[in-house]
S.K.: 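The structure that follows is given in the form of structure tokens.
Labels below follow one simple rule: chain letters A, B, ... track the order of the sequence lines, proteins then strands, and each chain is numbered from 1.
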Amino acid sequence: LISWNSILSAYADLGHLEEATHLFEAMPERDLASWNSMLAMHIRIGDVEQGKRFFDQMPHHNLIAWNSMLSLFAQHGHLYQVLCLFYAMPLRDVVSWTVVISAQIHRRQFQEARSMFLAMPRHDLASCTAMAAACADAGDLDRFEQVLEEIRGQQEQLDLVSWNTILNGYSQLGLIDECKIIFEKMLERDLVTWNVILAAYARAGHLDDAGRVFADMAERDQVTWTALLAAYVANNMLDAAVALFDSMPQRHLYTWNAMLAGYARNGHLDQAKNLFDAMPESDIFAWNTLLGGWGAMGDVANAQSLFDSMPIRD
RNA sequence: AGUCUGGUUCUUGAGUU
């Protein structure tokens, strides 16, 4: 059963609905972990309706199943669904509370998140880390450091995620020197660590340091490339940005949007429009960027016609 | 021993503690 579940879990991680469903139905027996893996798959692919249906078909629910539903709503549903379920659940643990808090943070409801955080019966490393990230995001240094104090007082050892959160937090709070100290102190680093320190230098306007970090990195992903591109764009280094963009091994939507912003911000609306038309997909960020570019140029006609043709507006 | 849920990094603009 555990072997079956392991394979099922792998499909869930990859988001392979067909294979997972097939496997699930072919399994000689199933336990809660099997059902919960299927729920995890619905979280991954973001199918709230199917997920609900699946949940209702389950013979029993344990806390993980309830938390999975909570997480499905948190990531792909509405906040009121999260809260309704949270209060209706037969049991809650620290994970349940953390899911709710994260949902509130994602929706920028910091006050509410903080109230929940203070109300929960127990804090662990993950809940504190989520709260610390929120404080840094809100620019609240005092509360950020308060949460760090609490983390240091806990039994649980800091893990890499928490260290990365702290590093990024100081970067968001504008304390680049603190970032340097922490980065040097870190015994273990992963790709996120490197991406965070790269973005930290970029945010601080230390483009040379950002470039040096980039060159030193053993491994790079889309975030790495886009972070450096965005750094060039933010510092009006359009030529460098274009050269980097052209040399990139792969691009995702964030990358295209960053380049688009580079053109738009420098008044190169023709180039921006060409790039926009060449984009494999576009989202609200892309639309707003182009719209803002024309707006800034006083090109009301183009802005208006783009606005009228937008599939989504916010 | 090994399987299921929560926390960290990159893009536009507006708004909010």
Side-chain angles (χ1 to χ4, degrees), chain A residues 1-10 12-13 31-41 43 62-72 74-75 93-103 105 108-114 124-140 143 159-169 171-172 190-200 202-203 221-231 233-234 252-262 264-265 283-293 295-296 314:
Chain A
L1 181 57
I2 290 183
S3 323
W4 286 91
N5 282 344
S6 301
I7 301 170
L8 192 59
S9 167
D13 285 342
D31 64 2
L32 270 171
S34 330
W35 285 91
N36 287 337
S37 284
M38 289 301 286
L39 270 184
M41 135 138 329
I43 297 175
N62 62 359
L63 187 51
I64 293 182
W66 287 102
N67 285 343
S68 300
M69 274 314 283
L70 207 53
S71 179
L72 181 61
Q75 292 177 42
D93 66 359
V94 64
V95 173
S96 329
W97 285 87
T98 307
V99 172
V100 174
I101 289 172
S102 303
I105 293 170
R108 322 250 75 180
Q109 304 202 357
F110 295 131
Q111 208 74 260
E112 291 82 350
R114 193 177 145 71
D124 68 357
L125 184 58
S127 51
C128 286
T129 301
M131 201 61 230
C135 293
D137 214 21
D140 193 333
R143 285 184 175 151
D159 63 8
L160 195 46
V161 173
S162 331
W163 278 110
N164 288 339
T165 304
I166 295 170
L167 187 66
N168 188 55
S171 161
Q172 286 179 301
D190 65 2
L191 185 52
V192 173
T193 316
W194 285 94
N195 286 338
V196 170
I197 194 72
L198 171 55
R203 231 186 310 248
D221 66 1
Q222 309 244 33
V223 174
T224 317
W225 288 90
T226 307
L228 187 63
L229 180 68
V233 167
H252 61 171
L253 191 49
Y254 281 33
T255 320
W256 288 92
N257 286 343
M259 191 65 249
L260 190 64
R265 228 176 265 166
D283 65 357
I284 191 70
F285 283 76
W287 293 90
N288 284 345
T289 303
L290 197 53
L291 193 60
D314 69 353

S.K.: For a quick check of understanding: with a heavy-atom distance under 4.0 Å over all strands, which category does A:Val196 fall into, base, sugar-phosphate or nothing?
M.R.: sugar-phosphate
S.K.: Nearest-Å distance, CE (A:Met38) to C1' (B:C4)?
M.R.: 12 Å
S.K.: Does the protein touch nucleotides 10-17 of chain B at the base, only the backbone, or not at all? Give it as B, S and - per nucleotide, heavy atoms under 4.0 Å.
M.R.: BBBB-B-B
S.K.: What is the distance, rounded to the nearest whole Å, between atom CG of A:Leu63 and atom P of B:G6?
M.R.: 13 Å
S.K.: Can you check whether any acceptor in the base of B:G6 is under 3.5 Å from a donor in the side chain of A:Asp93, or vice versa?
M.R.: no
S.K.: I'd like to check the side-chain hydrogen bond (donor to acceptor under 3.5 Å, both in side chains) partners of A:Arg143; sequence neighbours left out, ordered by chain and number.
M.R.: none
S.K.: Measure from the side chain of A:Ser102, starting at C-beta and using heavy atoms only, and say which of B:G7, B:U3, B:U8 lies closest.
M.R.: B:G7
S.K.: With a 4.0 Å cut-off on heavy atoms, is A:Ser68 in touch with a base, just the backbone sugar-phosphate, or nothing at all?
M.R.: sugar-phosphate
S.K.: At 4.0 Å (heavy atoms only), tell me whether A:Val99 reaches a base, stays on the sugar-phosphate, or touches nothing.
M.R.: sugar-phosphate
S.K.: Going by heavy atoms in the side chains, are A:Val223 and A:Val192 under 4.5 Å from each other?
M.R.: no
S.K.: Base, sugar-phosphate, or nothing: which does A:Asn62 touch, judged by heavy atoms less than 4.0 Å apart?
M.R.: nothing
S.K.: Roughly how many Å is it from CH2 in A:Trp35 to P in B:C4, rounded to a whole number?
M.R.: 18 Å
S.K.: Send over the distance from A:Leu32 CG to B:C4 P, rounded to a whole Å.
M.R.: 14 Å
S.K.: Within the 4.0 Å heavy-atom criterion, would you say A:Ala33 contacts the bases, only the backbone, or no part of the nucleic acid?
M.R.: base
S.K.: Using a 4.0 Å heavy-atom cut-off, does A:Asp159 contact any base of the nucleic acid, only the sugar-phosphate backbone, or nothing at all?
M.R.: base
S.K.: Whole angstrom is fine here: how far is it from CH2 in A:Trp66 over to P in B:G6?
M.R.: 18 Å
S.K.: Do the side chain of A:Asn36 and the main chain of A:Leu39 share a donor and acceptor less than 3.5 angstrom apart?
M.R.: no
S.K.: Under a 3.5 Å distance rule, please check whether A:Ser9 uses its side chain to pair with a backbone N or O of A:Asn5 as donor and acceptor.
M.R.: no
S.K.: Assess whether one donor atom and one acceptor atom, taken from the side chain of A:Ser162 and the base of B:G7, lie less than 3.5 Å apart.
M.R.: yes
S.K.: Between atom CG in A:Leu72 and atom C1' in B:C4, what is the gap in whole Å?
M.R.: 14 Å
S.K.: A:Asn67 has an atom CG; how far is it from atom P of B:G7, in whole Å?
M.R.: 12 Å
S.K.: Would you indicate which nucleotide in B:U5, B:G7, B:U9 comes nearest to any side-chain atom of A:Thr129?
M.R.: B:G7
S.K.: Strictly distance-based, threshold 3.5 Å: is any side-chain N or O of A:Asn67 a donor or acceptor partner for the main-chain N or O of A:Leu70?
M.R.: no
S.K.: Quick one: A:Leu191 CG to B:U9 C1', roughly how many Å, whole number?
M.R.: 9 Å
S.K.: In the structure I gave you, are the side-chain heavy atoms of A:Phe110 and A:Asp137 within less than 4.5 Å of one another anywhere?
M.R.: yes
S.K.: Could you work out, with ring pair (Phe, Tyr, Trp, His ring centres under 6.0 Å) as the rule, every residue matching A:Trp287, not counting sequence neighbours?
M.R.: A:Phe276
S.K.: Taking the minimum atom-to-atom distance to the side chain of A:Ser3, which one of B:C4, B:G7, B:G2 wins?
M.R.: B:G2
S.K.: Report which part of the nucleic acid A:Leu125 touches: base, sugar-phosphate, or nothing (heavy-atom distance under 4.0 Å, all strands).
M.R.: base
S.K.: At under 4.0 Å between heavy atoms, what does A:Ser96 touch on the DNA or RNA strands: base, sugar-phosphate, or nothing?
M.R.: nothing
S.K.: Which heavy atom in A:Ser34 sits nearest to a heavy atom in A:Leu1, and how many Å separate them?
M.R.: OG-CD1, 4.3 Å
